[in-house]
Amino acid sequence: MPEGPEVQVVIRTLQEKLQDALITDVEVFYPKLEEDGHLTDLIGQRIRKFSRLGKYMIFETDDYDWIAHMRMEGKFYVFFSAPEDRRHIHAIFHLDDGRYLCYHDTRKFGRMSVYPKTEDLHSLPMLKNVGYDYTDPHVTGDYLYQEIHHSRRCLKMALLDQRIIAGIGNIYANEICFACGLDPRSRCTRLSKKDCALIVDVTRRILNEADALGGTTVHSFASGFGVTGRFQQHLQVHMQDGKPCPRCGHTIEKIMVQNRGTYLCRNCQKRK
DNA sequence: CCTTAGACCTGGAGGC
DNA sequence: TGCCTCCAGGTCTAAG
């Protein structure tokens with residue numbers, strides 16, 4: 001599920017449900033879920049603050065910073081009774097009011113860490129490759145130009161580099177390139193400061209709109225629980241191959257760029 | 001130093 | 001139906 005906006009939606013939902021909840025027990029069924037520290041240290045802790053940096057979730061408890069990344073398919077559910085089907089549930093956090101916070105992840109890519117509380121989140125090992133969030137005012141056109149204009153990479157790869165702007169994933173990278181009228185394969189070295197200013201503006205506009213609409217749900221997961229967004233109805237190019245471009249009517253194509261599915265309109269996205 | 005395949009996992013979709 | 005290959009919203013690594 002998770003690019004920045006989807007993580008934001010999950011964080012907001014969990015905050016509404018779990019603000020100040022007390023964790024009374026922790027069960028971990030898939031040991032590799034834990035990256036640094038131990039989830040059992042959270043026993044006896046209340047979750048005080050919910051936030052996000054890029055695609056990473058940050059739960060601050062009384063004494064710890066609990067960091068989670070859902071990667072491709074991780075999901076959090078809150079149940080009123082212990083789940084019967086524990087397939088793909090890799091951790092259960094028992095809460096003092098009888099509810100259960102469950103972490104579900106079909107592909108087991110998600111990871112969690114527990115660190116003693118710190119002032120400087122960027123200093124945490126799990127966040128070492130995470131730069132400014134897409135909502136961070138440090139992210140400006142000049143900043144982006146500075147970071148990428150020496151790079152031989154293509155535009156889309158730079159957008160997916162979490163050290164430059166954190167929170168953009170494959171779907172929004174495709175949408176951002178389309179909205180900017182730039183071919184995702186454009187070389188970073190050929191982009192102007194003006195291009196970079198446009199890219200930053202468009203990034204904020206698209207990701208904020210996606211957040212407001214509850215994010216993007218591409219795969220339809222087992223219905224009933226989890227978060228389903230409405231932004232997929234606003235996708236201009238992602239998963240739209242074969243359909244006419246909403247801007248010029250030319251057929252949208254799917255290509256592979258660096259092994260990631262990439263959707264574009266060759267007619268109105270200029271390759272620089 | 002920078003850039004790019006490969007690895008990590010599972011299940012659904014589509015071809016035969 | 002069954003088997004096979006490819007693909008999926010991410011990120012670290014090893015190797016060039």
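Naming: A, B, ... by sequence-line order, numbering from 1 per chain.
- Within 4.0 Å of A:R152, counting heavy atoms only, lie sugar-phosphate atoms of the nucleic acid but no base atom.
- Of all nucleotides in DNA chain B having an atom under 4.0 Å from a heavy atom of chain A, the first and last in 5' to 3' order are B:dT3 to B:dG11.
- Salt-bridge formation is not detected for the pair A:K270/A:D183: no Lys NZ or Arg NE/NH1/NH2 atom is positioned less than 4.0 Å from an Asp or Glu carboxylate oxygen.
- Taking atom P on both C:dG9 and B:dG14, the two are 16 Å apart, rounded to the nearest angstrom.
- When each of A:F59, A:F50, A:Y56 is paired with A:W66, the ring-ring contact (aromatic ring centres under 6.0 Å, His included) condition holds for A:F59 and for no other.
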Could you run down the sub-3.5 Å N/O contacts of the protein with nucleotides 12-16 of chain C?
| unit_1 | atom_1 | unit_2 | atom_2 | d |
| --- | --- | --- | --- | --- |
| C:dC12 | OP2 | A:N129 | ND2 | 3.4 |

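- Atom-to-atom, CG of A:N170 to P of C:dT11 comes out at 11 Å; the value is rounded to the nearest Å.
- A:R48 and A:D62 are joined by a salt bridge, as a carboxylate oxygen and a charged side-chain nitrogen come within less than 4.0 angstrom of each other.
- Here C:dG9 presents its P atom at 10 Å from NZ of A:K55, a figure rounded to the nearest Å.
- With salt bridges taken as basic N to acidic carboxylate O contacts below 4.0 Å, one links A:E60 and A:K117.
- Across the protein-nucleic acid pair, A:D241 atom CG and C:dC7 atom C1' stand 13 Å apart, rounded to whole Å.
- If A:F109 and A:Q258 are placed on DNA chain B by their nearest nucleotide, the residue sitting closer to the 5' end is A:Q258.
- Taking the six-membered ring for Trp and the full ring otherwise, A:Y143 and A:H138 have centroids separated by 6.0 Å or more.
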Check: How does DNA chain B look in dot-bracket notation if pairs are Watson-Crick or G-U with both distances under 3.5 Å, crossing ones as [ ], other-strand ones as |?
Finding: .|||||||.|||||||
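- Between A:R111 atom CZ and C:dT11 atom C1' the separation is 10 Å, expressed in whole Å.
- For the pair A:R247 and A:F178, the cation-pi test (distance below 6.0 Å, angle within 45°) is passed.
- For the pair A:L159 CG and C:dG10 C1', the computed distance is 15 Å after rounding to whole Å.
- Rounded to whole angstrom, the span from the CZ atom of A:R107 across to the P atom of C:dA8 amounts to 10 Å.
- With hydrogens and angles ignored, the 3.5 Å screen pairs a side-chain donor or acceptor of A:H122 with a backbone N or O of A:V130.
- On the P atoms, C:dT1 is 15 Å away from B:dG12, given to the nearest whole Å.
- For an aromatic pair to be called close, the ring centres must be under 6.0 Å apart, and A:F79 with A:Y100 fails this.
- Within the structure, every side-chain polar atom (N or O) of A:Q162 is placed at least 4.0 Å from both OP1 and OP2 of C:dG10.
- In this structure, the ring of A:F29 has its center no less than 6.0 angstrom from the ring center of A:H90.
- Within the 4.0 angstrom heavy-atom criterion, no nucleotide atom of any strand lies near A:G110.
- Between A:K32 and A:N259, it is A:N259 whose nearest contact on DNA chain B lies nearer the 5' terminus.
- Using a 4.0 Å heavy-atom criterion, one finds that A:Y30 contacts the sugar-phosphate atoms exclusively.
- With A:H38 contributing its side chain and A:T40 its backbone, the two residues share no donor-acceptor pair below 3.5 Å.
- Taking the six-membered ring where the residue is Trp, A:F231 and A:Y172 present tilted rings, their angle falling between 30° and 60°.
- Put simply, NZ on A:K108 is 18 Å from C1' on C:dG10, counting in whole angstrom units.
- Going from atom CD of A:E3 over to atom C1' of C:dG10 covers 9 Å, rounded to whole Å.
- In this structure, A:T262 contributes its side chain and A:R260 its backbone to a donor-acceptor pair below 3.5 Å.
- Residue contacts shown for A:R87 are limited to sugar-phosphate atoms, with no base heavy atom under 4.0 Å away.
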